[in-house]
Amino acid sequence: MMEPGRPASRAEHINTDCIRGPAHCQGEAPPTNMNTAVVVLAVALVAQVYAAPPPFMKKCMEDNGVTMEDAIKFGKTGEASDNMKCNLKCMMLAGGAMKEDGTLVMAPMLEHAPEKLHDAIKQCIDIEKSSDLCDVAYRHNKCIRDKATDVFIELAEKKAAMAAS
């Protein structure tokens, strides 16, 4: 939150036209459960650990040929196949964290992500745009993962343990 008298940081200057994402701008309420932005943040993994995933997660994973093992690998290592990168794009678009032009939207990420990821999200919001939205989504999520490696590894290990049981 911005303190009175302090200039806003670059991360706080977010586009407010569609602050809650494309669905909100079109008159539909954006997803608002805990999983939405968490899924958007690499996120198949994180959402699976916290609770049942939102419907778009399964569709994005199926559409992009991504498995939970791929998500766990990303959480543990930061490595992602092209399919995983496009899966991240799909989830970010569906969750309102990225617009069709590649603009990242911080508000839905901060609204639903665990507090321990907020600093990393803010530090990673200024990813350079590109016409390759899969790459934009990957670089954003990789940046967050690299700044909060311990959180991602912890979540990956929890998900791997759940999958093994």
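Computation of the quantities below employed the complete heavy-atom set of this structure, encompassing side-chain atoms and omitting hydrogens, waters and symmetry-equivalent molecules. Along the sequence shown, the residues carry numbers beginning at 1.
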List the atom of Ala80, the atom of Lys85, and the distance in Å for their closest heavy-atom pair.
O-CE, 3.6 Å

Testing the 3.5 Å rule here: is there a donor-acceptor pair between the side chains of Ser130 and Asp132?
no

Side chains of Ile121 and Met106 in contact at under 4.5 Å (non-hydrogen atoms)
yes

When rounded to the nearest 0.5 angstrom, what distance separates CE in Met57 from SG in Cys90?
11.0 Å

Minimal heavy-atom distance between Ala120 and Ala148, with the atoms involved, is CB-CB, 4.3 Å

Is there a donor-acceptor pair closer than 3.5 Å between any side-chain N or O of Asn87 and the backbone N or O of Met61?
yes

I'd like to check Arg139 versus Cys143 (side-chain heavy atoms, cut-off strictly below 4.5 Å). Are they in contact?
no

In the structure I gave you, are the side-chain heavy atoms of Lys89 and Asp135 within less than 4.5 Å of one another anywhere?
no

Interatomic distance, NE2@His140 vs CG@Leu133, rounded to 0.5 Å, equals 13.5 Å

Determine the minimum heavy-atom distance between Met91 and Phe56, stating which atoms define it.
O-CE1, 3.8 Å

Indicate the atoms forming the closest heavy-atom contact of Tyr138 with Gly78, along with that distance.
OH-O, 3.0 Å

Working to the nearest 0.5 Å, report the span between CG of Leu93 and CD of Glu100.
5.0 Å

Using atom types as modelled and distance alone, determine if a side-chain donor or acceptor of Asn64 lies under 3.5 Å from a backbone N or O of Cys60.
yes

Can you confirm whether Met92 sits close enough to Asn141 that some side-chain heavy atom of one is under 4.5 Å from a side-chain heavy atom of the other?
yes

Looking at CG of Leu117 and CZ of Phe152, how far apart are the two atoms once the value is rounded to the nearest 0.5 Å?
5.5 Å

Ignoring hydrogens and geometry, is there a side-chain-to-backbone donor-acceptor pair from Thr103 to Lys99 under 3.5 Å?
no

Evaluate the criterion side-chain contact (heavy atoms from CB on, under 4.5 Å) for residue pair Val136 and Leu104; output intermediate values, then yes/no.
CA-CA 9 Å; Val136 173; Leu104 299 177; 4.3 Å; yes

Salt-bridge present (Lys129, Asp101; N to O < 4.0 Å)
yes

Residues Glu154 and Lys158 bridged, charged N to O under 4.0 Å
yes

Mark yes or no for whether His118, through its side chain, and Ala113, through its backbone, hold a donor-acceptor pair below 3.5 Å.
yes

Determine whether Ile72 and Glu157 make a side-chain contact, defined as any pair of heavy atoms from C-beta on separated by less than 4.5 Å.
no

Would you compute the distance between atom OG1 of Thr149 and atom CD1 of Ile144 and round it to the nearest 0.5 angstrom?
11.5 Å

Keeping the roles fixed (side chain from Arg145, backbone from Glu79), state whether a donor-acceptor pair exists under 3.5 Å.
no

Check Asp70 against Gly65 and note the closest heavy-atom contact, atom names and distance.
OD2-O, 4.0 Å

What distance separates Lys142 NZ from Leu88 CG, expressed to the nearest 0.5 Å?
12.0 Å

